[in-house]
Structure formats: structure tokens, C-alpha cells
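Chain naming here is simple, since letters A, B, ... match the order of the sequence lines and numbering starts at 1 in each. Basis for what follows: all heavy atoms, side chains included, without hydrogens, waters or symmetry-related copies.
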Number of protein chains: 2
Amino acid sequence: MWRRCLPPLRLAPRFRGGFRNVRGVSGAERCGVVLDIDGVVRRGGEPIQGAKEALWHLEKASVPYIFMTNGGGVTEAKKAQELSELLEVELDESRVILSHTPFRLQAERLRSRRVVLVGGCETEEVARSYGFDVGGRAITSSQIVLGSPDIYPWPVQHGELPPVDVHAAGPPIEAVLIFYEPENWGMELQVLSDVLAGGLPLGSGASQAAELWVSNPDFLWQAGYPVPRFGMGAFVESLQALWRRRTGGELRVEECGKPFRVQFEAARELLSQVSGDTLDRIYMIGDNPAADIRGANQAGDPWRSILVCTGVYQGGAASNDQEDPAWRVEPDLLSAVRRLL
Amino acid sequence: MWRRCLPPLRLAPRFRGGFRNVRGVSGAERCGVVLDIDGVVRRGGEPIQGAKEALWHLEKASVPYIFMTNGGGVTEAKKAQELSELLEVELDESRVILSHTPFRLQAERLRSRRVVLVGGCETEEVARSYGFDVGGRAITSSQIVLGSPDIYPWPVQHGELPPVDVHAAGPPIEAVLIFYEPENWGMELQVLSDVLAGGLPLGSGASQAAELWVSNPDFLWQAGYPVPRFGMGAFVESLQALWRRRTGGELRVEECGKPFRVQFEAARELLSQVSGDTLDRIYMIGDNPAADIRGANQAGDPWRSILVCTGVYQGGAASNDQEDPAWRVEPDLLSAVRRLL
């Protein structure tokens, strides 16, 4: 049902640099480290014990490291600044891969075409930073409703972007990119269903007329509430269910985020760029077996997966996840880094 | 997947009266008429040609008639007043069955228990008119979020009802009643999923812990936009899809609205009450084969289905619907009434 057919990620030129040209821990092997964020370096807004020290050891040993999270909704620069302040290290946007970072490549391909962007209030800023023509060729569902109010006959709070009449002469909509969970599910489910069906009037088409890109497949996520909350995957699940009932067919979805290969290829490419060389070994250190560990295991060489016990995984360092066993299990990040160096 | 296990509807005492005690058109056969609204007596806010004259004929012949629609969201009294003004006849609430009218019976059963009410801004007024203890035992998802903000960690516009802490000592939630499409799908899908799962904290249960009542099964409806829009059935489809993915099981749903038997039993009961006698024949006059005609056909005696060509059905009076063929097809309401009298 879910397709995973993203092309290998080639990072945009602006991604290069931002990390000094380093060598691995030994002359024989160049290694790098990819760190998940929540449950590895922080929990509930606070640094996890030993995380700052672990980063200090990596810096001292000149081991390149970057962060990779299934979170998003802000620019990489903002996330890097947030982490810099929390962890007291110097980081810039070239050190962070968010769930929607691969969309930067889509901007290169889709810049001159009409696309619909979906997400919360900061999505426009993120999309602009990737090079999307926001307010021009890249539009929102809210702009479509403003241009054709009958398409969603319920009250809607609109942003500041102007109406777009998708029924007037103009290019067809070629793709929908879900950067983040939208604020108004009812409106987005209706308008995106119409956009994906295409036709004139919009929605009158019978088969999928636009690509659908989703930046994070997580159905549930762990927030402050003790029971996990619905994530972006739940929104997409609803969209798929409505599409199935409406058309009798299956929606084609292009997915990013961990554990998908595209995300691990992006991380590998980024680490190679910042280290100035191909790496012989990349350690993925994460707390989530189904995302971090599965993704690294599936990516194969040069990846090695290291599971820490400070987040989602509760099995303890003497055990391992049964479904997605890690290459190593360590109590926490500091312990993992000490073993590596 | 959808269960249809409503008990036979017994109308509340306040439903009685409001129609003079009449006899049918002939001494031998007592008949009554049930009219759909949209596509039968009005279209786009205007009376359909001949509709007023048709009602005048029914009045003159002392044939009892009532209106039955899958619409809702307002009280029966308000809908009756709206129709009175449009059609220039005297109608009161006893002459209208809305999609959620059968919920009046649920109020009798559930008045002393904790339930969640779902719908647009007028739902509270409708529920109060049915006898629900709104703001007391009958609460909204918004009240639950106010009482436990972490349960839905996104910005929410709340109504005026006070917070309810469903984790404090108090009765469990026994039923969810969807009166009308909710305004905030994202919030309702999350909170209702938790309510239906039950447990402490809410949502931690593994199987369906509360009844789910839906007043209108329509997946699509015809609004001003040329392509049909998602209706209440689409919201329930999403809820079911999320439930399936979250629990692996199927949600049990109790449905009202046409074509379900409960709605036709309510109409028959109401007509009998207002005519003061059992009716030998009831004519359902509607424009929607899948709702009006199928429902009357399935209800069997004393029902007869009459399809008019002024709404959804486009086949013409010389033809018939293939899937749900009507007992008779007539060009419009006036023609249908003339044939009956």
C-alpha cells in the first residue's frame, strides 16, 4: 500500500560545508555518528544525563556527527539552534536532518510546477527555505478554499496567502507535500482528496492525478499524555481510507522519514560531505527499534545500529529488541560513545 | 462492518399530538405520506414548482403527511419553522424527523449516564431539546480536552462549557452520539478514539468500551460544489480506519438515518400518532433511490416508494432506478400527489 520509491537523495549545494574536514577515530577506519534526538540526547525538553559529555568526547576525537529525527515543522536552522542551546555545542543547519529534509530535493524538481503544501503554521517558512515558490506555484488548501469557497462548505480560518482559483486557466496541480500534521483535518481531507483526484472541477477525476509525498510515517507518537497520540501517519491513514471508499482504489504514497532508506541515504551523504571523505562506518544511535534500528539495519553497510535505553525501548541494556535487534545495546549515549572511542 | 441493531423506536410523549385526527382518502384505506425535503419540496433554498400546491391537496384531502430528511444539526422545531415559511403551511416539530431524531430515545435511556455529544455549534441546543443533561452527564470532546490538555496537544478553540476531568473519580463514558459533522475533525478523531477505547488514562483500554451512535450514514452529500462533498459518513470512515489500525479490530457502529429501518419505524409511528389510527398504506416520496426508495422498499408493508425526478435521480419518469427500483416513478411531487388522491 505504501510505496517507497524515492530516488537516492542528492543534497543541495547549500548543504555542503559547515563541518570541518575530519578523519575518523583511527587511521584505518573513518567513522561517523548519526544521533536521534528525543530519547537519546533529550527527554521532555531536558538533556539526558551524560549526553553533553558524550558530544564533547565526539568533538574531541574529531568524529563527525549529525542529528536525524522524525520530528519537523520548523527549519533545520531553528532545530539546530534549539539543540545548540540545550546541549551547549555549536551546531548549524547542516548538522540536522528533519523528517521533511528530503523535500528540499523535491523543490529542485517541482519549483516551476503547481504543488500543494500541507502542515502547521511554520510550514510556509520551511518550504521557502527549501526553495519552494510559496504563494506562487506552491499553494495551500486554504488558498484553494478562498478561491472556491464551495469546495469546503464550512467555516475556515485562513492564513495570509491570497485566494487561488484552481478552476481558472493555470497549471494543474502535480504534487501534494505533507510537511507536518495539518491544523484543520476536515478541510485538508476534503481538499486534498479533490486535488489528488484532479479533474475540472477539481475532484471530478477518477484516478490519482497528483503525487502524494509524506514526510513522516509515524501513526502514533509519544507526547506528554501517557497514551501515544495520533501522528502524521494517522492523517494519511484517514486520507487513504476516504480515497479507498470514494474510488475503490489505493492511494500511492511516497514516504520519507525513518526507517525509510531515503532518510538514511541523506544522512550518509551529509556525513560524507562534512567529513570530506567516504566513511567506512556509520553508527546510528537511537532509542526507537522500529525507526532508528530497523532503518540502520535495512540500510546495511556501512551502517551499524546502536540502541540506547533512555527512550522508547524499555528492555534494558542486557536485552535487545526482538523484532528489530540492534547491533549493540547500551544503557545510554555516553556509554555508547565511550565504547566507540 | 456497520451494525443495524437499533430497537424499534417508541416516540417520547411530547411527540404525540400536533396533528389533527384524520382519516385516509377513502373510507376503506387509511393512508399517510412521508416526504423527503431536499430534491422533493425544495432545491437550493427555493420551493420546487408545484410543491406548495401538492401540500395544499394533501391538507384538503386530510391525508396526514410528515417530513423525513437525513439532514440535521438544528432542532425539529427550527426545521419545521423553516419549512413552514418556505412552503406556506403550518407545521410544528411533530411533523419533522431529522437524522438525529431517534437520539431522543437514547436520551431516555442515557440521561443518568456519562455520554459524549458530537456535532456543530447547535448540537448542544438539539441535545437539550431531547432531554440530554448537556454540561452535566452529557459532555463534549472540548470539555475533555479542557480538563486534560495533554490528550490533544494542539491548539483548540473551546466552547463555553466548563472543563471535565475524566480521570478524576466519576462515571465512565458509556456512549458517543454523533449528531452532526464535528467542526474539528483532528481533535474529535483523537478524543473519540480514546473515549471508545476507555481505560484509565482514557485511551489505554484495548477494546471498545463505549457505544457509538451515528445519526447519518451519508458518505457524500450534494452541496453547492459540483462534486459531492464528504459527509458524516466520511468522518465515521476515518474514525473506523484509525480504530482498525490502532486495535486491529472493527468498531461497532449503531446507525440512524435513511435507509435504516429505525428511521422508517419512527416515521410510521409518528404518522400513526398524528392520525390517531394505524395506517393501511404509507407512501415515501423521495428523490434519492439509495436512501428514500431503498429504505421504504426494505421496510415492506405498509410502505410504498415513490421516486420523483426533481433531485438526485436523473433517469426521467419513464424509467426507474436499477439498483433500488421504486414502486412508482413520477416527474415531481405534485404529479405524485395527484395520482394518489
Side-chain angles (χ1 to χ4, degrees), chain A residues 1 73 120-121 144-145 148-157 167 180-194 197-206 219-246, chain B residues 1 73 120-121 144-145 148-157 167 180-194 197-206 219-246:
Chain A
M1 175 184 346
C121 53
I144 295 175
V145 176
S148 305
D150 278 351
I151 203 170
Y152 185 68
W154 307 106
V156 170
Q157 274 203 316
H167 298 115
Y180 206 61
E181 291 159 83
E183 286 166 8
N184 186 335
W185 281 40
M187 177 189 75
E188 297 285 2
L189 288 170
Q190 178 67 74
V191 177
L192 297 186
S193 295
D194 293 325
L200 198 69
L202 200 65
S204 60
F219 181 71
L220 297 172
W221 63 291
Q222 187 65 61
Y225 194 70
V227 183
R229 304 291 80 196
F230 287 144
M232 199 186 299
F235 176 76
V236 177
E237 185 82 24
S238 298
L239 191 61
Q240 287 174 306
L242 298 183
W243 181 266
R244 203 175 293 130
R245 171 91 178 259
R246 182 169 162 166
Chain B
M1 174 186 345
C121 53
I144 295 173
V145 176
S148 304
D150 279 350
I151 202 170
Y152 185 67
W154 307 105
V156 172
Q157 274 202 317
H167 298 115
Y180 205 60
E181 291 159 82
E183 287 166 7
N184 186 336
W185 281 39
M187 177 188 76
E188 297 286 1
L189 288 170
Q190 177 67 74
V191 177
L192 297 186
S193 295
D194 293 325
L200 199 69
L202 201 65
S204 61
F219 180 71
L220 296 171
W221 64 291
Q222 187 66 61
Y225 194 71
V227 183
R229 304 292 78 197
F230 287 144
M232 198 187 298
F235 176 76
V236 177
E237 186 81 26
S238 298
L239 191 61
Q240 287 175 305
L242 299 184
W243 182 266
R244 202 175 293 130
R245 171 91 178 260
R246 181 170 162 166

Heavy-atom check, side chain of L202(A) versus side chain of S148(A), under 4.5 Å: no
Can you tell me how far the CD atom of Q157(A) sits from the CD atom of E183(A), to the nearest 0.5 Å? 9.0 Å
Short question: side chain of W221(A), backbone of P228(A) - any donor-acceptor pair under 3.5 Å? no
May I ask you to name which of L239(A), L220(A), D194(A) has the most heavy-atom pairs under 4.5 Å with chain B? D194(A)
Pair count under 4.5 Å, heavy atoms only, with chain A: among A241(B), S238(B), A234(B), highest is S238(B)
Would you mind telling me which of N184(B), V227(B), L242(B) has the largest number of heavy-atom pairs within less than 4.5 Å of chain A? L242(B)
Distance from W154(A) atom CH2 to M187(A) atom CE, nearest 0.5 Å? 15.0 Å
Output the option from Y152(A), W185(A), Y225(A) having the highest count of non-hydrogen pairs under 4.5 Å with chain B. Y225(A)
Euclidean distance, E237(B) CD relative to L189(A) CG, rounded to 0.5 Å: 12.0 Å
Most contacts with chain B, counted as non-hydrogen pairs under 4.5 angstrom, among E188(A), E181(A), R229(A): R229(A)
Which portion of P201(A) sits near chain B, non-hydrogen atoms under 4.5 angstrom: both
